[in-house]
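All of these numbers come straight from a predicted model, not from anything done at the bench.
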Amino acid sequence: MEVQTAERHARLLDVVEQWRREGDGEGADRLAQAAVRMARAHEPQVVLQVVFAGLFSAGKSSLLNRLTETALRAVGAVPTTAERAALDLPGSGGCVQLIDTPGVDSTDEMHRRITEAALQEADVVVLVMDYQHVEAEANLRLAQSWQREGRPLWLVINQIDKHLDLEGPFDAFRRRIQQTWTNWGIRPDAVFCVSAAGDHPVSELEQLREALLGLQDQAHELAPRAAAAEIREIIREHVARVIEDRRQTVEEAVWSALGWLPYDQAEAETLLAERTARLEEIEQRRMADRQALHEAQEAALAAWLRLIELAQISPHDTTELGRSYVESLRPDFKVGWWRSADRTAAERRRRLEAFAEALREKVRTNLVWPLQNQLREFVQETSWADAGWLADVDGVAVEVTEAALEAAVKSGALISDRYPYQYVKDVTAALKGELRGKLQTMAEQWFAAALAKAAEAAEADAELDVLRQECDALRAWLALDAAALAEEERWMQQCGV
Ligand SMILES: Nc1nc2c(ncn2[C@@H]2O[C@H](COP(=O)(O)OP(=O)(O)OP(=O)(O)O)[C@@H](O)[C@H]2O)c(=O)[nH]1
Ligand SMILES: [Mg+2]
C-alpha cells in the first residue's frame with residue numbers, strides 16, 4: 001500500500017513536470033495540488049471536505065452555524081459569503097470539515113470561481129436549496145452538473161418552515177420533488193429537509209448531522225475516490241486546453257465547409273457517410289462516362305478502318321495495268337528486234353507510269369478523300385472533338401510512287417502466271433496498311449487528349465470540390481475527438497487513475 005502510494009505520487013509529479021515543460025502551468029499547478037490531496041487521502045488520519053454550495057441566500061451559512069452550534073458565519077438577505085471558509089464538524093475529531101462557499105448566482109464573478117474551486121476539492125458535495133426555489137430550473141441545473149463521478153451529491157432542502165399547510169401535506173411535496181429530480185436525471189445520494197432558522201417538526205437536521213459524522217467511517221474510501229475523480233477532471237481540462245488550438249482550426253474548416261458544426265460524433269459520422277456515398281456515386285458516374293466515351297472512340301475508329309478496308313482502289317482496269325506492268329518485267333519480255341533493249345525498257349517504264357497514275361487516282365478518289373471527308377465531318381459534329389484536329393486530317397494520306405511500285409516486285413515470283421494479280425493485291429494492301437497506321441497514330445493522340453480533357457472537366461466539378469472539402473473537414477473533426485480521448489486515456493494511465 002505504502003509503496004503503491006509513493007509510486008503513484010512520483011508518477012503524478014512526473015506528469016506535473018511534463019505539463020509544465022509543455023506550457024500548461026495552470027494545469028501543472030492544479031495537478032500538483034491534487035497529487036498532495038491524493039497522498040493525504042491515503043494517510044491514516046484523513047480529513048474530509050464537505051462542500052456546502054448553492055444559490056445565494058439558500059441558507060448555507062445559517063445551516064453551518066446550526067451544525068457547528070456557533071454564530072461564526074455571517075448571514076443575510078443579500079449575497080453575504082464572499083470567500084471559502086472551513087469549519088470543523090463538532091464531534092468528528094477534526095476529521096470532517098464543513099466548507100462554506102459564496103452563492104454561485106451572485107453577480108460577483110469571483111464568488112462563482114471560489115465556489116467552483118472548492119467543489120473541485122470536495123469529497124462530498126452538498127447542494128443547499130431554499131424551499132421556495134427547489135423546483136427552479138437554476139437549482140435543477142446545478143444538481144445535474146454537480147452530480148460528478150466519484151463525489152457523493154447530497155441535496156438539502158432548507159427553509160422548510162416556509163411550507164404552508166394550504167400547499168398540501170409535506171409528504172406530497174417530497175414525492176413531487178423526487179419525481180422532478182428523476183425526470184431531470186438527478187439521483188442524489190441523500191436528501192434532507194431542514195430548517196436552519198429554528199426547530200421544525202419535520203426537520204431532518206439531526207439526521208444530516210448524523211450522516212456527516214458517519215462519513216468518518218467511509219473516509220478511506222471517499223477521499224481517494226474523490227481525489228482520483230478530481231485528477232481525471234484536471235486531465236480532461238488539460239487535454240481540452242492542449243487541443244483547443246487544433247480544435248479551433250479544425251472547427252473553422254468545418255464551419256466554412258458545412259456552415260455549421262455537427263452536434264456530436266454520431267451526427268458527424270452520418271454527415272460523412274452521406275457525403276462519401278455521394279462521392280462514390282459521382283465516381284461511378286464518371287467511370288460510366290469514361291467508358292461511354294471510350295466506346296464512342298472505338299466505334300469511330302472501327303468505322304474509319306472499315307472504310308479503308310472496303311475502299312476499292314484496284315478495280316478491273318487498274319488491276320490490268322498492274323498485271324501488264326508485272327508481265328513486262330519477265331525475262332522473256334522483249335519489244336521488237338532493232339534496239340530491243342531500249343525499247344523494252346521504255347515500254348516497261350510506260351507501263352509502270354500508267355499503273356502508278358491509275359492507282360494514284362483511285363487511292364485519291366476512293367480512299368484518301370472519302371476518309372478525310374469522314375474525319376472532317378466527325379471533328380465538326382462530335383461534341384468531344386477539338387476543332388484543332390481538322391489540321392491533322394490532311395496528314396492522313398499516302399503517296400503512290402513509281403519507286404515503291406518497282407520495289408514491291410518480287411523478281412523470284414515473276415514466272416508464276418498468278419503472280420501479277422498477287423502483286424496488285426500486295427501493293428494495295430501495303431498502301432492501305434500505311435494509311436491505317438497513320439490513322440491509328442493520329443486517332444490515338446486525339447482520343448487520349450479527349451479522355452484527358454473529359455477527366456479534367458469532371459475534376460473541375462464544383463460539387464466534387466465542396467464534397468471533398470466537407471469530407472476532409474469532418475474527418476479531421478472526428479479525428480480530433482478520438483485524439484482527445486486517446487490523449488486523456490494516456491494521461492489517466494500515466495497518473496494511475
Ligand atoms: N425562514 C427561514 N429563513 C432562513 C433559513 N435559513 C436561512 N434563512 C435566512 O435566509 C437568508 C440567507 O441566509 P444565509 O445563511 O446568509 O444564506 P447563504 O446561503 O449563506 O447566502 P450567501 O452567503 O449570500 O450565498 C438570511 O436572511 C437567513 O436568516 C430558514 O431555514 N428559514
Ligand atoms: Mg453564506
Side-chain angles (χ1 to χ4, degrees), residues 1-9 12 31 33-54 60 63-64 66-69 84-101 115-129 142-158 178 181 185-194 196 203-235 492 495-497:
M1 181 73 186
E2 275 306 305
V3 175
Q4 258 185 21
T5 312
E7 191 194 307
R8 190 199 341 241
H9 193 69
L12 279 168
L31 188 61
Q33 285 162 15
V36 171
R37 268 193 299 284
M38 177 61 102
R40 284 207 192 121
H42 287 95
E43 280 170 5
Q45 181 77 1
V46 182
V47 179
L48 289 177
Q49 297 198 6
V50 184
V51 173
F52 286 69
K60 303 176 289 292
L63 192 56
L64 292 200
R66 283 298 298 275
L67 289 167
T68 56
E69 287 155 354
R84 175 189 184 281
L87 296 93
D88 282 339
L89 175 67
S92 72
C95 284
V96 178
Q97 276 190 344
L98 310 181
I99 313 293
D100 194 9
T101 60
T115 303
E116 207 39 63
L119 285 169
Q120 273 160 4
E121 298 172 11
D123 293 299
V124 176
V125 175
V126 181
L127 168 56
V128 182
M129 300 169 276
L142 282 184
Q144 265 184 341
S145 73
W146 291 352
Q147 188 166 252
R148 298 180 195 174
E149 55 143 335
R151 288 89 179 266
L153 173 67
W154 293 3
L155 299 181
V156 169
I157 301 173
N158 186 31
Q178 189 55 60
W181 287 334
I186 299 161
R187 294 169 307 279
D189 295 279
V191 177
F192 303 94
C193 295
V194 303
S203 174
E204 293 163 334
L205 189 72
E206 287 318 308
Q207 283 91 325
L208 172 59
R209 190 195 308 280
E210 287 302 311
L212 288 167
L213 284 167
L215 285 174
Q216 296 171 87
D217 304 335
Q218 309 165 48
H220 285 105
E221 199 188 308
L222 285 175
R225 214 196 302 152
E230 188 192 355
I231 290 171
R232 280 196 292 274
E233 271 169 27
I234 293 171
I235 288 172
M492 284 178 191
C495 291
V497 289

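Remark: side-chain polar atoms of R8 are not paired, donor with acceptor, to backbone N or O of A6 under 3.5 angstrom. Side chain of R151 to main chain of Q120: a donor-acceptor pair is present (N/O by atom type, distance under 3.5 Å, no hydrogens or angles). Between the side chain of Q216 and the backbone N or O of L213 there is at least one donor-acceptor pair closer than 3.5 Å. A distance-only check finds no donor-acceptor pair linking the side chain of D189 to the backbone of W154 [under 3.5 Å].
Residues L98 and V96 form a side-chain contact, since some pair of their non-hydrogen atoms from C-beta on lies under 4.5 Å apart. For the pair H9/M38, no side-chain contact is recorded, criterion being any heavy-atom separation below 4.5 Å from C-beta on. Within the 4.5 Å cutoff, the side chain of T68 has heavy atoms near those of the P90 side chain. F192 places none of its side-chain heavy atoms less than 4.5 Å from the side chain of L63.
Separation of atoms NE2 (H220) and CD (Q45) is listed at 8.0 Å; rounding is to 0.5 Å. Summarising the geometry, atom CD belonging to Q33 is positioned 12.0 Å from atom CD1 belonging to I231; distances are rounded to the nearest 0.5 Å. In this structure, CD in Q97 is found 5.5 Å from CG in D88, a value given to the nearest 0.5 Å. The structure places CZ of F52 at 10.0 Å from CG of L87, a figure rounded to the nearest 0.5 Å. Between the CD atom in E149 and the CZ atom in R225 there is a gap of 10.5 Å [rounded to 0.5 Å].
Evaluated for a side-chain contact (heavy atoms from CB on, under 4.5 Å) with I99, the options V124, V51, L119 yield exactly one hit, V51.
Between A229 and G150, the closest heavy-atom pair is CB-CA, 4.0 Å.
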What's the verdict on side chain to side chain contact (heavy atoms under 4.5 Å, CB included) for L215 and L89, showing C-alpha distance, side-chain angles and the deciding distance?
-> CA-CA 11 Å; L215 285 174; L89 175 67; over 6 Å; no

Checking side chain to side chain contact (heavy atoms under 4.5 Å, CB included) for the pair R40/V47: CA distance, chi angles, key distance, verdict?
-> CA-CA 8 Å; R40 284 207 192 121; V47 179; over 6 Å; no

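Contact check on E206 versus R209 returns a salt bridge, with a Lys/Arg side-chain nitrogen under 4.0 Å from an Asp/Glu carboxylate oxygen.
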